[in-house]
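All figures in this text were calculated on a predicted structure; none of them were measured in a lab.
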Amino acid sequence: MELIWVTEAKVLDGHKLHLTFNDGICKLFDFAQVFAKGHSLFEPLKNLDVFRNITLDGWTVTWQDGSIDIAPEYIYENGITV
């Protein structure tokens, strides 16, 4: 796989993101699958106010001034193509 990164991100209802990647493919990613794995790093994102405050850092989506991020390859591989 070539390098992949997020070029656009939009927060949808709940903990879902609509993401566009540098190859033009759009994916729907539901963070429920991340929360189900119990990673404590993502615990603050369960709060919808925090989750909705996303930014792009030129590579992926981040939260809380970049202290929380997720690998673009992970959301690409585990998202649903739309």
Side-chain angles (χ1 to χ4, degrees):
M1 175 192 294
E2 293 184 33
L3 285 178
I4 196 79
W5 61 89
V6 179
T7 58
E8 292 180 43
K10 179 180 178 186
V11 178
L12 304 176
D13 290 339
H15 288 93
K16 295 178 183 159
L17 296 174
H18 181 276
L19 303 154
T20 304
F21 293 85
N22 62 304
D23 63 358
I25 292 179
C26 295
K27 301 270 185 166
L28 177 64
F29 185 82
D30 189 344
F31 254 80
Q33 63 187 293
V34 174
F35 298 146
K37 293 183 180 189
H39 297 296
S40 61
L41 169 68
F42 299 108
E43 193 70 23
L45 301 182
K46 289 182 178 180
N47 177 323
L48 282 172
D49 290 330
V50 174
F51 184 79
R52 289 183 186 122
N53 193 20
I54 63 171
T55 58
L56 292 177
D57 68 356
W59 186 248
T60 192
V61 290
T62 69
W63 295 266
Q64 296 186 329
D65 297 323
S67 65
I68 301 173
D69 66 12
I70 188 164
E73 300 86 359
Y74 181 84
I75 50 181
Y76 189 90
E77 293 170 10
N78 293 283
I80 297 169
T81 303
V82 291

> Relative to each other, are the rings of W59 and W5 parallel, tilted or perpendicular (30° and 60° limits)?
Replying inline: parallel
> Angle class for the H39/F42 ring planes (parallel below 30°, perpendicular above 60°, tilted otherwise)?
Replying inline: perpendicular
[X] versus [Y], closest heavy-atom pair with distance:
X   : Y   : value
V50 : P44 : CB-O, 3.5 Å
I25 : Y76 : CD1-OH, 3.2 Å
A71 : T60 : C-OG1, 4.2 Å
K46 : H15 : O-NE2, 3.1 Å

>> Under the rule for side chain to side chain donor-acceptor pair (under 3.5 Å), what residues qualify as partners of T55, not counting sequence neighbours?
In response: T62
> Under the side chain to side chain donor-acceptor pair (under 3.5 Å) test, which residues partner T81, sequence neighbours left out?
Replying inline: K27
> Any side-chain heavy-atom pair from L17 and V11 closer than 4.5 angstrom?
Replying inline: yes
>> I'd like to check F21 versus T7 (side-chain heavy atoms, cut-off strictly below 4.5 Å). Are they in contact?
In response: no
> Same cluster or not: are L12 and F29 linked, directly or through other Ile, Leu, Val, Met, Phe, Trp or Tyr residues, by side-chain heavy atoms under 4.5 angstrom apart?
Replying inline: no
> Same hydrophobic cluster for Y74 and I68, using side-chain heavy-atom links shorter than 4.5 Å among ILVMFWY?
Replying inline: yes
> Should the heavy atoms of other residues, nucleotides or ligands under 6.0 Å from CG of D65 be counted, would the total exceed 12?
Replying inline: no
